[in-house]
Amino acid sequence: MKPVLLATALVLLPAPALAAAKAHAVARLASLEGKALGTAEFSAINHGILIVLDLHDLPPGPHGVHLHVSGNCDAKSGFTRAGPILSLTQGKSHGYLAQGGPLTGDLPNQFAGADGRLHASMLTTQFTLGNGKKSIFDRDGVALVLDQRADDYHTQPLGNAGARIACGVVIRTIGPKARKKRP
């Protein structure tokens, strides 16, 4: 009888209470000049990680999007201290079209309109927001980087996407060892 009561109790929980347990993270992207450009929201869902970009004041056109190995968005370095594209599996190559690709941090190109706005959603199963081997959260975190041009999906090591123009450190907001939000 106890299992029945437990199942009944779970069914009676409101949907927001069940959804609150899902892992979530956010990156606040900034330009090389330090101007706030918007956010990237990361949400664990049943089929992977949903990433929603809401950015503004970008150069119009296509842009490469990647997760990089270090949560370091030092603008003085041109965001190069974010390191190479994240790879949680040995022996992989950069790019969806490359033999042996893609890397964990490879994400699809996204397009900023003539008004400089970019709103897009992407789904990936390459990493998790939890703990363990597929987690993007280690000692120095990760950064989401937006490139000057589209990634060609095969040129090593960065897809011939040009300079890094925006960067945001991905911060866990819900989940294991989440940082508390500041007021």
Side-chain angles (χ1 to χ4, degrees), residues 15-16 18-75 78-79 82 85-86 94-97 101-130 134-137 141-155 158-175 178-179 181-182:
L18 292 174
K22 294 284 188 177
H24 183 266
V26 66
R28 299 186 191 296
L29 278 78
S31 69
L32 289 165
E33 296 78 29
K35 181 178 181 178
L37 298 175
T39 60
E41 299 273 342
F42 295 73
S43 301
I45 62 171
N46 291 339
H47 302 289
I49 303 299
L50 178 65
I51 304 169
V52 178
L53 300 175
D54 189 10
L55 305 171
H56 53 83
D57 297 324
L58 296 174
H63 299 280
V65 182
H66 304 102
L67 282 175
H68 289 257
V69 298
S70 179
N72 187 337
C73 288
D74 177 49
F79 301 135
I85 298 172
L86 178 66
H94 161 72
Y96 291 110
L97 302 177
L103 296 173
T104 307
D106 284 332
L107 297 170
N109 291 326
Q110 299 301 320
F111 192 87
D115 62 355
R117 294 204 47 86
L118 188 160
H119 188 77
S121 298
M122 302 175 272
L123 182 64
T124 182
T125 59
Q126 294 294 313
F127 59 84
T128 70
L129 301 178
K134 285 186 72 176
S135 176
I136 60 171
F137 297 110
V142 296
L144 183 78
V145 175
L146 195 74
D147 299 317
Q148 181 180 24
R149 297 185 301 269
D151 182 340
D152 66 16
Y153 297 141
H154 63 84
T155 303
L158 299 171
N160 199 26
R164 300 172 186 192
I165 62 168
C167 186
V169 176
V170 181
I171 305 293
R172 193 177 347 212
T173 57
I174 297 175
R179 294 183 184 177
K181 293 182 183 179
R182 295 183 183 209

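Note: hydrogens, waters and symmetry copies are ignored here, and every other heavy atom, side chains too, is used.
The two residues Phe42 and Leu144 make their nearest non-hydrogen contact at CZ-CD1, 4.4 Å. Contact between His154 and Asp152 at its shortest, heavy atoms only, is N-OD1, 3.0 Å. For the pair Ala25 and Val170, the tightest heavy-atom approach, listed with the atom from each and the gap, is CB-CG1, 3.8 Å. Closest non-hydrogen pair, Thr125 versus Gly48, comes out as CG2-CA, 4.2 Å. Closest heavy-atom contact between His68 and Ala82: CB-O, 3.3 Å. Looking at every heavy atom in both residues, Val142 comes nearest to Ile136 through CG1-O, 3.2 Å.
The distance from the CZ atom of Arg149 to the CG atom of Asn109 is 11.5 Å, given to the nearest 0.5 Å. The distance from the CD1 atom of Ile49 to the CD atom of Gln126 is 11.5 Å, given to the nearest 0.5 Å. To the nearest 0.5 Å, atom CD1 of residue Ile165 and atom CG of residue Leu32 are 8.0 Å apart. Taking SG of Cys167 as the reference point, atom CG of Asn72 lies at 7.5 Å (rounded to 0.5 Å). The CG atom of Leu67 sits 5.0 Å away from atom CG of Leu107, with the distance rounded to the nearest 0.5 Å.
For Val26, the side-chain contact (heavy atoms from CB on, under 4.5 Å) criterion is met by Arg28, Thr39, Glu41, Thr173, not counting sequence neighbours. In this view, Phe127 satisfies the ring pair (Phe, Tyr, Trp, His ring centres under 6.0 Å) rule with no residue, not counting sequence neighbours. Taking the side chain to side chain donor-acceptor pair (under 3.5 Å) definition, one finds that Ser31 meets it with Glu33, sequence neighbours left out. Annotation: ring pair (Phe, Tyr, Trp, His ring centres under 6.0 Å) contacts of Phe111 (sequence neighbours excluded): none.
Counting only residues at least two apart or on different chains, the side chain to side chain donor-acceptor pair (under 3.5 Å) pairs with a member in residues 42-52 are Lys22-Asn46.
At least one side-chain heavy atom of His94 sits less than 4.5 Å from a side-chain heavy atom of Asp106.
Panel note: side chain Arg164, backbone Val145; no donor-acceptor pair is recorded below 3.5 Å.
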Please list, one pair per line, the donor and acceptor atoms closer than 3.5 Å that link side chains of residues 50-66 to other protein atoms, with sequence neighbours excluded.
| unit_1 | atom_1 | unit_2 | atom_2 | d |
| --- | --- | --- | --- | --- |
| Asp54 | OD1 | Arg117 | NH2 | 2.9 |
| His56 | NE2 | Leu37 | O | 3.4 |
| Asp57 | OD2 | Lys35 | NZ | 3.0 |
| His63 | ND1 | Asp147 | O | 2.8 |
| His63 | ND1 | Gln148 | O | 3.3 |
| His63 | NE2 | Pro59 | O | 2.7 |
| His63 | NE2 | Gly61 | O | 3.4 |
| His66 | ND1 | Asp147 | OD2 | 2.9 |
| His66 | NE2 | Asp151 | OD2 | 2.8 |

